[in-house]
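Nothing here was measured: the structure is a model prediction, and the numbers come from that model. What you see below is based on every heavy atom in this structure, not just the backbone, and it leaves out hydrogens, waters and symmetry mates.
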Amino acid sequence: MVNPLITRALQLATLGRWLCPPNPSVGCILVDANGQVLGQGNTQRVGGPHAEIMALTDAADRANVVRGATAFVTLEPCSHRGRTGPCCDALISAGIVKVVASISDPNPRVAGQGFARLRAAGMEVEIGPGAQESRELNIGFFSRMRRGMPWVRMKVAASLDGVTALSNGVSQWITSAQSRADGHAWRARSCAVLTGIGTIQADNPRLDVRLVDTQRQPQLVIVDSTLKTDINSNLFEIERPVLIYSAQFDAAKKMALESKGAIVISCPGNSPETKSLVDLRAMLHDLATREINEVHVEAGQTLNGALLQQGLVDEVLIYLAPTLLGKGRGMALLPPIFTLEDGTTLEFQSAVHMGPDIRIIARRVHANIF
């Protein structure tokens, strides 16, 4: 059973899930020897205070003395100076005597060094309570740090027979308002929404977060091999970074898109067969260097199929409406296979009602290995 104070710290961490990317979501609670809460906090927007600093500040605001206290924190306190100073030094200076932490920080710049510094200062350190929950909450951060790749989640809204749009392209709305709002919540927690030029041309979407409150819009990433994105597209109405990955250079198109604030990145395949297409794996590696933790894919069957074929989807988020639509566009365009073993094997994580629909989350069998 997880320590109830760690459980409370995890609840605090969850509050920052939509706020603090690319930093991990962390919660911290400071308690005295009697278990009385002295201060608490969670990580703020990037560049702002981390959870430990927020907890120390909260304690000071309450006029509580923290010397001799224990810190319950959901991730190893950082030991390096990045956008902010080292949290482990702040805990040491405050006179904290014990830290109970859920899990080590996967960032190579920390990775146990925070714990080592705390122990060197004479502090007792306990590691492990709530480790799985903390890792799950920050799965994109762990993925980026350990694999050099963001966590890729593919969202699909479909009928019960797997149709995402009618043959004429009509798709609004197959699923319910509840499912759409939940989908926006998943957009909100991501660092970037990824789509293809086909979706941009067909739907002219904004692909922003509108149906839930958020203080941060995720970046938009477009796979557009020949730079067909219209500079008058609705996507440019939203203030956020727009990254467009292309395979073919066109100076005039690039200049026009950059005049709208887009960042155009050349990322062609490295073989004669793929040089006219965006190298999706290289694109994801590049997104990781740009501090993208979670990629939320909302695309058509062509890009979905390409990502699945190349083993680049870690998780699928599927909303199924209780309706049958017959022949139409499917979830992903995949080539035929001739043995069941060649299919993409997933493990169900959850299945819950979302209004009249069902939301299914399934994960690649080996996606947890990092």
Residues [X] and [Y] bridged, charged N to O under 4.0 Å:
| X | Y | answer |
| --- | --- | --- |
| Glu294 | Arg189 | yes |
| Lys254 | Asp250 | no |
| Arg109 | Glu76 | no |
| Lys155 | Glu298 | yes |
| Asp89 | Arg117 | yes |

Could you tell me which non-hydrogen atom of [X] sits nearest to which non-hydrogen atom of [Y], and how far apart they are?
| X | Y | value |
| --- | --- | --- |
| Gln44 | Cys20 | O-CB, 3.1 Å |
| Ala9 | Ile29 | N-CD1, 3.6 Å |
| Ala282 | Cys267 | CB-SG, 3.7 Å |
| Leu211 | His184 | N-ND1, 3.3 Å |
| Ser190 | Pro218 | O-CB, 3.6 Å |
| Ala51 | Val26 | CB-O, 3.3 Å |

Drop me the distance from [X]'s [atom1] to [Y]'s [atom2], to the nearest 0.5 angstrom.
| X | Y | atom1 | atom2 | answer |
| --- | --- | --- | --- | --- |
| Cys191 | Asn293 | SG | CG | 4.0 Å |
| Leu277 | Ser246 | CG | OG | 12.0 Å |
| Thr70 | Asp32 | OG1 | CG | 9.0 Å |
| Leu91 | Leu30 | CG | CG | 7.5 Å |
| Leu10 | Glu133 | CG | CD | 6.0 Å |
| Ser179 | Arg359 | OG | CZ | 9.0 Å |

Less than 4.5 Å apart, side chain to side chain, heavy atoms only: is that true for [X] and [Y]?
| X | Y | result |
| --- | --- | --- |
| Val352 | Ile358 | no |
| Thr7 | Phe72 | no |
| Ile200 | Thr195 | yes |
| Val193 | Gln219 | no |
| Leu280 | Val278 | yes |
| Arg281 | Leu284 | no |
| Arg45 | Gln215 | yes |
| Arg62 | Val37 | yes |

Around atom [atom1] of [X], are there more than 12 heavy atoms of other residues, nucleotides or ligands at under 6.0 Å?
| X | atom1 | answer |
| --- | --- | --- |
| Lys260 | NZ | yes |
| Asn168 | CG | yes |
| Leu340 | CG | no |
| Gln132 | CD | no |
| Glu237 | CD | yes |

Taking the side chain from [X] and the backbone from [Y], do they hold a donor-acceptor pair closer than 3.5 Å?
| X | Y | answer |
| --- | --- | --- |
| His296 | Leu194 | no |
| Asp314 | Val152 | yes |
| Asn138 | Ser25 | yes |
| Asn234 | Asn204 | yes |
| Thr289 | Asp286 | yes |
| Thr214 | Arg216 | yes |
| Asp203 | Pro205 | no |
| Glu126 | Val99 | no |
| Arg364 | Thr344 | no |

Hydrophobic clustering (ILVMFWY, side-chain heavy atoms < 4.5 Å, transitive) - are [Y] and [X] grouped together?
| X | Y | answer |
| --- | --- | --- |
| Val297 | Leu220 | no |
| Leu312 | Leu308 | yes |
| Val110 | Phe142 | no |
| Met255 | Leu227 | no |
| Val242 | Leu207 | yes |

## Note on the structure
From the list Leu75, Ile103, Thr74, side-chain contact (heavy atoms from CB on, under 4.5 Å) partner of Arg135 resolves to Ile103
### Message
On the six-membered ring of Trp151, is Arg144 placed so that its NZ or CZ lies under 6.0 angstrom from the centre and within 45° of the ring axis?
### Response
no
### Working for side-chain contact (heavy atoms from CB on, under 4.5 Å), residues Leu137 and Ser134
CA-CA 5 Å; Leu137 183 62; Ser134 179; 5.7 Å; no
Could you verify whether a donor N or O on one side chain and an acceptor N or O on the other, from [X] and [Y], lie under 3.5 Å apart?
| X | Y | value |
| --- | --- | --- |
| Thr43 | Asn23 | no |
| Tyr245 | Asp279 | no |
| Ser176 | Asp357 | yes |

### Query
Going through the checks in order, is the side-chain contact (heavy atoms from CB on, under 4.5 Å) test met by Arg290 and Ile265?
CA-CA 12 Å; Arg290 297 172 188 269; Ile265 303 148; 3.5 Å; yes
Cut-off 3.5 Å, no hydrogens considered: what does the side-chain donor-acceptor table look like for residues 156-164, sequence neighbours left out?
from, atom 1, to, atom 2, distance (Å)
Ser159, OG, Asp161, OD1, 2.4
Ser159, OG, Val163, N, 3.1
Asp161, OD1, Leu325, N, 3.3
Asp161, OD2, Leu325, N, 3.2
Asp161, OD2, Gly326, N, 2.9
Thr164, OG1, Arg329, O, 3.2
Thr164, OG1, Gly330, O, 3.1

### Task
Begin from the C-alpha positions of Gln40 and Asp58 and carry the test side-chain contact (heavy atoms from CB on, under 4.5 Å) through to its verdict.
CA-CA 6 Å; Gln40 61 184 24; Asp58 182 46; 3.8 Å; yes
#### Entry: Audit row: Trp186, Val212, side-chain contact (heavy atoms from CB on, under 4.5 Å) steps and yes/no
CA-CA 10 Å; Trp186 285 94; Val212 297; over 6 Å; no
### Task
Would you please test Thr339 and Asp342 for side-chain hydrogen bond (donor to acceptor under 3.5 Å, both in side chains) and show each step?
CA-CA 6 Å; Thr339 66; Asp342 290 334; 2.8 Å; yes
